[in-house]
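Okay, so here's the structure we're looking at.
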Amino acid sequence: MMFEPDALARKSKELEGATPEQILAFAFETYPKIAISTAFGVEGCALVDMAVKLRPDVPVFTVDTDYLFAETLALRDRLVEKYKLNLKVLRPLITIEEQTQRHGLNLYQSNPDQCCAIRKVEPAQRAIEGLDAWITGLRRDQSESRAAIQILERYDHADGQPYVKVNPLANWTRKDTWRYVMANGVPYNELLDRGYKSVGCWPCTRPVGEGEDERAGRWAGQGKTECGIHTFAARKG
Ligand code: SF4
C-alpha cells in the first residue's frame, strides 16, 4: 500500500492527467479497506455512479444529521434502489432533543461549529476508522477552501495509522460534473433544479442567486464555509 508522503505526491501528480474512473481504479487496486463518503451532492451522485460500475459492492457511507431535507432522503432511497448501494448511514450519538437539553434550542444558530461537530464530524470520524483510503467528491473549484486539494492526500487516524484521502473529481468543474450526470442518467437532488447549488442541512442551506459562489448558500451570514468533515485532520502529505 502507498502511504509514504513523497510517493503519494508523485502519484498524485501523475494522476492529474487521469480520468476520475482511472483514479478510482487505482484506489481500488491499491487500498483494500476503502469507502466513499457522500452527502448526495451532485458530485457524490456522479462518483457513486462511476464507482459502482467498477466495483458494484463498494462501501459507501453518509451521515444523517436528522436535519436533512425530505428531497435529500428521497434521493438517498432512489440511489440505493438504482445501484443496490452498499450504504452505511451514520447518525449522531445524541438526538436533536438531547442536543437541545444539553446545549439549548437551535444550536445550529448559536454555535454551528459545535452542531456540525456533534451531528456531522463525529459520525464521519467513526465511519472512516480503520480505513486505508477514503474517497470524496471534493472539487477544487467549489470554493476557496477547496482550491488546494490534491488527488491523493495523506492523513493519520487518531491511533496514528495512516490513511489516504482520494479526490477523483479534484480537477473537475461544476460543468464537467453536470455533463457526466446528464449523459449517464444519474439521479440528483431535485432542490438543485429549484435554485440551490449545494444542499446540506435545511436550517443552514438557502438557494443562491446567479453569479453567487456555489457554496454561498451554506451557513450564509455565519462566516462558515465547511462543516469540518474535510478539515478535522491535518494533512501529512
Ligand atoms: Fe447543524 Fe447546520 Fe451543521 Fe447541520 S449544517 S450539523 S444543522 S450546524
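Each ligand, and each atom within it, is numbered from 1 in the order the structure gives.
For Tyr155, the ring-ring contact (aromatic ring centres under 6.0 Å, His included) test picks out Tyr163, with sequence neighbours left out. Glu21 pairs by the salt bridge (charged side-chain N to carboxylate O under 4.0 Å, His left out) definition with nothing, not counting sequence neighbours. Applying the ring-ring contact (aromatic ring centres under 6.0 Å, His included) test to Tyr83 and every residue at least two apart in sequence or in another chain returns nothing.
Classified by interplanar angle (parallel below 30°, tilted 30° to 60°, perpendicular above 60°), the ring pair Phe61/Trp134 is tilted.
Between the side chain of Asp141 and the main chain of Thr173, no donor-acceptor pair closer than 3.5 Å is present.
A cation-pi arrangement is absent between Arg76 and Phe40 under the rule of less than 6.0 angstrom and at most 45 degrees off the ring axis.
Taking distances strictly below 2.8 Å, the protein N/O/S atoms close to atom 4 (Fe) of ligand 1 are Cys201 SG.
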